Amino acid sequence: MSKIGSLGARLHRGEVGYDFVKNRKIWYGISILITITAILGLAVRGLNMGIEFQGGAVFTTPKHMTTSVSQAETYAQEASGHDAIVQKLGDGSLRIQIAGIDTGKSDEIKDTLSKDLKVNPEQINADLVGPSWGKQIANKAWEGLAIFMVLVVIYLAIAFEWRMALAALVALIHDITITTGIYALVGFEVTPGTVIGLLTILGYSLYDTVVVFDSLKEQTKDITKQTRWTYSDIANQSINGTLMRSINTTVVALLPVAGLLFIGGGVLGAGMLNDISLSLFVGLAAGAYSSIFIATPLVADLKEREPQMKALRKRVLAKRAQAGAQGEPAAQGAGASFGEEPEDAAPAVVGPREQGASRSRGRGRPSGKRR
C-alpha cells in the first residue's frame with residue numbers, strides 16, 4: 001500500500017506519468033467501438049421496460065407458496081398470453097409481474113392463476129398500472145435527463161469555458177449510451193430505480209470530470225507567457241495529478257455496488273436489486289473511464305485548435321528542438337510540471353562551501369547585540 005501511496009504522490013508532483021493525451025486516438029477508437037456495440041444492442045434487442053413504463057399488473061400470492069418460480073412463470077404466461085416475470089420473496093410469496101396487458105383483463109388472469117396455484121382468489125393481491133401513467137413516467141424521466149444535461153452545460157460554460165462544457169457533455173452521453181446498451185444486451189428490466197441509478201452515475205461522472213478540469217484551469221493560467229509546455233502537456237499533467245484519486249474513489253464506490261449486483265441480485269436472488277445496481281456498476285466504471293480518457297483529451301484537442309495555442313505549440317517545439325541540438329534537457333511530456341516561475345529563471349545553486357557556510361552561519365555566536 002505504501003508503494004501505491006508513493007506512486008500517487010509522484011504522479012501528483014509530475015515526477016512520473018502516462019501520456020494519455022498523446023494516445024487519445026486509441027481511447028477514442030475504443031470508446032467508439034463500445035458505443036457502436038451498445039447502440040446495436042439497443043437497436044436489435046431493445047430495452048426490457050418494466051410495467052411502470054409499459055403498464056400492466058403485478059400479482060402477489062400468499063406466503064409460503066410451494067409452487068416453483070419456473071412453474072409460476074408458465075402459469076402466468078398461459079393465463080395472460082404475455083411474458084411474465086416471477087420473483088420469490090423472502091416470506092415465500094410469489095411476485096408475478098405481467099407487462100403490456102389491459103387492466104380490464106386482470107380479474108380474468110387473477111382467477112386463472114388462483115386455480116393453477118390452488119389458492120383463494122381473494123388471497124392474491126393485484127396492483128394495476130395503466131399504460132397512460134407509464135408513458136407519463138417515461139416522458140418525465142426523459143425530461144429530467146434533458147434538464148440535467150442543459151444545467152450541466154450551462155454551469156460548466158460559466159465556471160470553466162464552453163470547450164470543457166462540450167467535452168463533459170460528450171462524456172456524459174458516452175456514459176448513458178454504454179449503460180443503456182448494457183441493459184439491452186443483458187436483458188435486465190428497466191424500472192424507475194434504473195433511472196435513479198442513471199442520474200446518480202451521471203452526477204458521479206461529472207464530479208470526476210470537474211476535478212480534472214479544475215486542476216487544468218488552475219495550471220493553465222498565463223500559459224502563453226511561457227515556452228516550456230503546450231496545453232496538451234499541462235492537460236496530461238492534470239490527468240496524472242488526479243489519477244490515483246479517481247481510481248481510489250471509483251474502486252471504493254464500486255465495491256458496495258458489486259455486492260448489491262453479484263451477491264444480492266445474483267447469489268441471494270433479490271432480482272429487484274438488479275434494477276439500480278447494474279446501472280450504478282456500469283455507469284461508475286464508464287464515468288471514471290470517460291473522465292480520464294475522453295473528456296480531458298477532448299478539451300486538449302479543442303484548445304489546440306486555437307490560434308494562440310497553435311502559436312504556443314510552435315514556440316515550445318522550436319525551443320525543445322534547439323535544446324536538443326545543444327544537448328540540453330528540455331521539459332516535456334507527462335512528467336513535466338507546470339509552475340509559475342519565469343521560463344528563463346535558473347534555480348539558485350549553492351555550492352558545497354557556500355552551503356556549508358550558510359548552515360554554519362550564526363553558530364557559536366552569543367545571542368543579543370554584537371559588540
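If you read the sequence from its start, that first residue is 1, and numbering goes on from there. None of the values given here were measured: they were computed from a predicted structure.
The two residues Asn48 and Phe188 come nearest to each other via the heavy atoms CB-O, 3.7 Å. Between Asp208 and Ser291 the shortest heavy-atom distance is CB-OG, 3.4 Å. The shortest non-hydrogen separation linking Leu280 to Gly197 is CD2-O, 3.8 Å. Closest non-hydrogen pair, Pro297 versus Ile239, comes out as CD-CD1, 4.2 Å.
Checking Gln219 against Ser215 by side-chain atom types alone, a donor-acceptor pair falls below 3.5 Å. In this structure, a donor-acceptor pair under 3.5 Å is absent between the side chains of Asp111 and Ser114. Neither side chain, Arg320 nor Gln322, offers a donor N or O lying under 3.5 Å from an acceptor on the other.
Under the 4.5 Å side-chain heavy-atom criterion for grouping Ile, Leu, Val, Met, Phe, Trp and Tyr, Leu202 is connected to Tyr155 within one hydrophobic cluster. Val170 and Val282 fall within the same hydrophobic cluster, defined by Ile, Leu, Val, Met, Phe, Trp and Tyr side-chain heavy atoms under 4.5 Å apart, directly or through other members. A single hydrophobic cluster is seen to contain both Val212 and Val251, as judged by linkage of ILVMFWY side chains at heavy-atom distances under 4.5 Å, directly or through other members. At a threshold of 4.5 Å between side-chain heavy atoms, the hydrophobic network of Ile, Leu, Val, Met, Phe, Trp and Tyr places Leu172 and Val150 in two separate groups. The cluster map of Ile, Leu, Val, Met, Phe, Trp and Tyr, joined by side-chain heavy atoms under 4.5 Å apart, puts Ile32 and Leu40 in the same cluster.
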For this session: Just do the side chain to side chain contact (heavy atoms under 4.5 Å, CB included) check on Tyr75 and Thr67 with the steps written out, would you?
Result: CA-CA 10 Å; Tyr75 291 153; Thr67 307; 4.2 Å; yes
Problem set entry | From CA spacing to verdict: side chain to side chain contact (heavy atoms under 4.5 Å, CB included), Arg95, Val86 | CA-CA 6 Å; Arg95 183 177 184 269; Val86 180; over 6 Å; no
For this session: Dump the intermediate steps for salt bridge (Lys or Arg N to Asp or Glu O under 4.0 Å) on Asp214 and Lys217, then the final yes or no.
Result: CA-CA 5 Å; Asp214 186 62; Lys217 179 183 177 182; over 6 Å; no
Exercise. Can you list the steps and then say if Ile223 with Leu312 is a side chain to side chain contact (heavy atoms under 4.5 Å, CB included)?
Worked result: CA-CA 9 Å; Ile223 183 177; Leu312 173 63; 3.7 Å; yes
Problem set entry | Test side chain to side chain contact (heavy atoms under 4.5 Å, CB included) applied to Tyr231 and Val299, step by step | CA-CA 10 Å; Tyr231 191 94; Val299 169; 3.7 Å; yes
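Side-chain atoms of Thr296 do not come within 3.5 Å of backbone N or O of Ile292 as any donor-acceptor pair. Side-chain N or O atoms of Asn236 include one that pairs as donor or acceptor with a backbone N or O of Val21 at under 3.5 Å. For Ser205 (side chain) and Ile201 (main-chain N/O), no donor-acceptor pair under 3.5 Å exists by modelled atom type. Looking only at distances, a side-chain donor or acceptor of Asp19 sits under 3.5 Å from a matching main-chain atom of Lys22. In this structure, the side chain of Ser232 does not engage the main chain of Ala300 through any donor-acceptor pair within 3.5 Å. In this structure a side-chain-to-backbone donor-acceptor pair under 3.5 Å is present from His82 to Ser80. A donor-acceptor pair under 3.5 Å is absent between the side-chain atoms of Ser31 and the main chain of Tyr28, judged by distance alone. Although no hydrogens or angles enter the test, the distance criterion places a donor-acceptor pair under 3.5 Å between the side chain of Asp233 and the main chain of Thr230. Counting only distance, with no hydrogens or angles, the side chain of Gln226 and the backbone of Trp229 share a donor-acceptor pair below 3.5 Å.
Around the CD atom of Gln308, the shell of radius 6.0 Å holds no more than 12 heavy atoms that belong to other residues, nucleotides or ligands.
Inter-residue side-chain proximity for Phe20 and Asn240 is flagged as met; some heavy-atom pair is nearer than 4.5 Å. For the pair Arg228/Val316, no side-chain contact is recorded, criterion being any heavy-atom separation below 4.5 Å from C-beta on. Put simply, the side chain of Ser279 does not reach to within 4.5 Å of the side chain of Thr200, judged on heavy atoms. Side-chain contact between Tyr289 and Ile178 is absent, with no heavy atoms from C-beta onward closer than 4.5 Å. In this structure, the side chains of Thr194 and Thr180 stay at 4.5 Å or more apart for every pair of heavy atoms. Within the 4.5 Å cutoff, side-chain heavy atoms of Val257 are placed close to those of Leu284. Within the 4.5 Å cutoff, side-chain heavy atoms of Phe59 are placed close to those of Ser106. The shortest side-chain heavy-atom distance between Trp162 and Val153 does not fall under the 4.5 Å cut-off.
Applying the salt bridge (charged side-chain N to carboxylate O under 4.0 Å, His left out) rule to Arg245 yields no partners; only residues at least two apart in sequence or on another chain are considered. With sequence neighbours excluded, the residues satisfying side-chain contact (heavy atoms from CB on, under 4.5 Å) with Leu47 are Leu42, Met49, Tyr183, Ala184, Val190. By the side-chain contact (heavy atoms from CB on, under 4.5 Å) test, Leu156 pairs with Val152, Phe160, Ala165, Ala168, Leu206, Val210, sequence neighbours left out. Applying the salt bridge (charged side-chain N to carboxylate O under 4.0 Å, His left out) criterion to Glu161, with sequence neighbours excluded, gives Arg163, Lys303. For the salt bridge (charged side-chain N to carboxylate O under 4.0 Å, His left out) test, residues two or more places apart in sequence or in another chain that qualify with Arg24 are Asp301.
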Side-chain donor-acceptor pairs under 3.5 Å in residues 120-129, sequence neighbours left out?
from	atom 1	to	atom 2	distance (Å)
Asn120	OD1	Glu122	N	3.0
Gln123	OE1	Asn120	N	3.3

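To the nearest 0.5 Å, the span separating OG on Ser238 from CZ on Phe213 amounts to 10.0 Å. A distance of 11.0 Å separates CG of Leu255 from OG1 of Thr250, quoted to the nearest 0.5 Å. With rounding to the nearest 0.5 angstrom, the OG1 atom of Thr249 is 3.5 Å from the OH atom of Tyr204. For the atom pair CH2 of Trp142 and CD1 of Ile147, the computed distance is 14.0 Å after rounding to the nearest 0.5 Å. Rounding to the nearest 0.5 Å gives a distance of 11.0 Å between OG1 of Thr227 and CG of Leu317. Note that CG of Leu113 and CD1 of Ile96 are 5.0 Å apart. Values are rounded to the nearest 0.5 Å.
Contact check on Lys110 versus Asp107 returns no salt bridge, with no Lys/Arg side-chain nitrogen under 4.0 Å from an Asp/Glu carboxylate oxygen. The existence of a salt bridge linking Arg313 and Glu304 is confirmed by a sub-4.0 Å separation between a basic side-chain nitrogen and an acidic carboxylate oxygen.
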